[in-house]
Amino acid sequence: MDAVVRLQGLTKYYGKHLGVRDLDLEVQRGAVFGYLGPNGAGKTTTIRLLLDFLRPTSGRAWVLGHDAQKESPEVRRRVGYIPGEPALYKNLTGQDFLAYAASLRGGVDWSSIRSLAQRLDCDLSRPIGTLSRGNRQKIAVVHAFMHNPEVLFLDEPTSGLDPLMQQEFNSIVREARAAGQTVFLSSHILSEVEELCDQVGIIRSGQLVKVESVAALKARALRSLDIEFGGPVPQGEFVGLKGVSDVTVTDSHLHCKVTGALDPLVKAAARYQVVNIVTHQPSLEEIFLAFYGKEEPKDVAA
Amino acid sequence: MLRNVFLKTLRDQRRSLAWWSAGLVLFAAMMVAFYPSVSGNPAIQDYVDNFPKELMALMGIQELTDFTSPAGYLQGELFSIMVPIVFIVFAVGLGAGSIAGEENEGTMEMLLSEPVTRERLVLEKFASLVAATAGLGLVLWLALMAAAPLAGMEISPLRLLEAGISAALLGLAFGAVAFAAGSVTGRRGVSVGVAAGAAAVTYLLNALAGIVDYLGPAKWLSPFFYYNGDPAVLNGLNILHTGVLLGLVLLLGAVSYAGFQRRDLRL
């Protein structure tokens, strides 16, 4: 069995409130899987079900072939986890906290803790309660990776990290992938998922909308684009180009939306004097629009 | 102290235990220091004998035929009300902070991401509650052992030990109520409330059972009766009463164990 994470009809209701519904998913060994969705979509709920913090209303989940509920301790032995909001013991130092966690795992190689802490420039000598959000996040990163787990569940792992540390974190994830570790990374930031992941699952209102490769997602995504010309341009030249929609031209300024390749638009624009081109990173909402058109998906429960 | 959940939990309690111990030792020493002025003073025994029985019952004193003896004095001044309060408040605080405390702080998520079973977590946390409460009982025993000879009290160390055990056991019973409520609900506030409410109601039940005739049998429902009905400092540990309290603690341990297995964590 090479599906490291497998969900089968996984459903969780909190009373009447929907957490996630009918999730079916397989993540293959060695993949970096991006779990993309807006806040409150059910990303954290999914990960907590996989770690047996929550019990499913129906459906099942397996991690590394182990039933996520019945064999949870074995699952957790082989998994590293960064919670969305890591709450660590405030009165312990980073060093003490990691020593405690290591003992509960039956011992961890301290050289790997030291090297991770050094890479992240992480102060292990101060009580965790005195650390900033970012520095606490670093300890959570060390904690997740220190025992060299086969699978990593990372719930919005870069929140709180400054850009430099995000880069370092990204390279830690890439090294994990190179070493054959499987990564399940939740995020609401498309660029983060694009940079790190091979495959993306999109979740919205508790339901898995789509699972596809990052390349396919990018091709599908609607990008909005502005072009500033040297002089006025005729709108007719741009309407009806392949993948181009919502064209509005005001004097020498063109605004439109593009799906897939930019080539037809750029070729058309090149006939005039181009002063500036600005493309906007598609937001999650824009990606959803690409899937749904203008329609909102039907929510089962808010 | 960071080797396992049991030791880590005890480590977290070390400050609390130190402060409660200091307070308890101070209070016990003060009370013992007053003993020489009571010892063999028939006027005081007369005064106690004429005290309204109803008022005595409300103060948790069931029988006090010999207030001027060392054991009678300790029972009246220490073990009837102050010592139970100290042990109950201490143990309820720990019990509520155990499982529900980690959930309230959010640290349960990290703790249970380690390969620790929920069964083991409950057992180790419960064991640390027992150990810390027993520790406070030990402190009380040692304090009385040290203070009693200084005040000329002649009382056997065994009796004092038995009294310490019975007080710790009463505290533990209500600590276990808080622990169980926390294990079932994951809410610290609820745990403290349930345990404090249980203590207040069962205390009154036992006290009123001594005054109001038709409430007489209700005393069997109160842990205070099994603590105070046959005081250990006077008569030694009553095996039956001790067994009931131990059974209650074990039952609450089982409730905690089962309750924590079934539910979602509160995160």
Q.
Need one label for A:L92: side chain, backbone, both or neither, based on atoms under 4.5 Å from any heavy atom in chain B.
A. side chain
Q | Contact class of B:R266 relative to chain A, heavy atoms under 4.5 angstrom | A | neither
Q: Let me know if A:R48 has heavy atoms under 4.5 Å from chain B in its side chain, its backbone, both or neither.
A: side chain
Q) At their closest point, which heavy atom of B:A91 faces which heavy atom of B:G171, and how far apart are they? A) CB-O, 3.2 Å
(Q) So for B:E124, is it side chain, backbone, both, or neither that comes closer than 4.5 Å to the heavy atoms of chain A? (A) neither
Q | Greatest number of heavy atom pairs closer than 4.5 Å to chain A - which of B:R11, B:M1, B:E102 | A | B:E102
**Q.** Any donor-acceptor N or O pair under 3.5 Å, side chains A:S171, A:R119
**A.** yes
Q: Pick one of side chain, backbone, both or neither for A:H147, based on which atoms fall under 4.5 Å of a heavy atom in chain B.
A: neither
Q: Heavy-atom distances under 4.5 Å only: say whether B:R120 touches chain A with side chain, backbone, both or neither.
A: neither
(Q) Looking at every heavy atom in both B:F174 and B:P223, which two are closest together, and how far apart are they? (A) CZ-CG, 3.7 Å
Q: Using distance alone, with no hydrogens and no angle criterion, decide if B:Y226 and B:S166 have a side-chain donor and acceptor under 3.5 Å apart.
A: no
(Q) Does either side chain, that of B:K125 or that of B:T9, offer a donor lying less than 3.5 Å from an acceptor on the other one? (A) yes
(Q) Under 4.5 Å from any heavy atom of chain B, what part of A:A102 do you find: side chain, backbone, both or neither? (A) neither
Q: Give a yes-or-no answer on whether the side chains of A:E156 and A:Y35 include a donor-acceptor pair shorter than 3.5 Å.
A: no
Q: Scan side-chain atoms only and decide if B:Q75 and B:N228 contain a donor-acceptor pair under the 3.5 Å cut-off.
A: yes
Q: Please flag which part of A:F153 lies under 4.5 Å from any non-hydrogen atom of chain B: side chain, backbone, both or neither.
A: neither
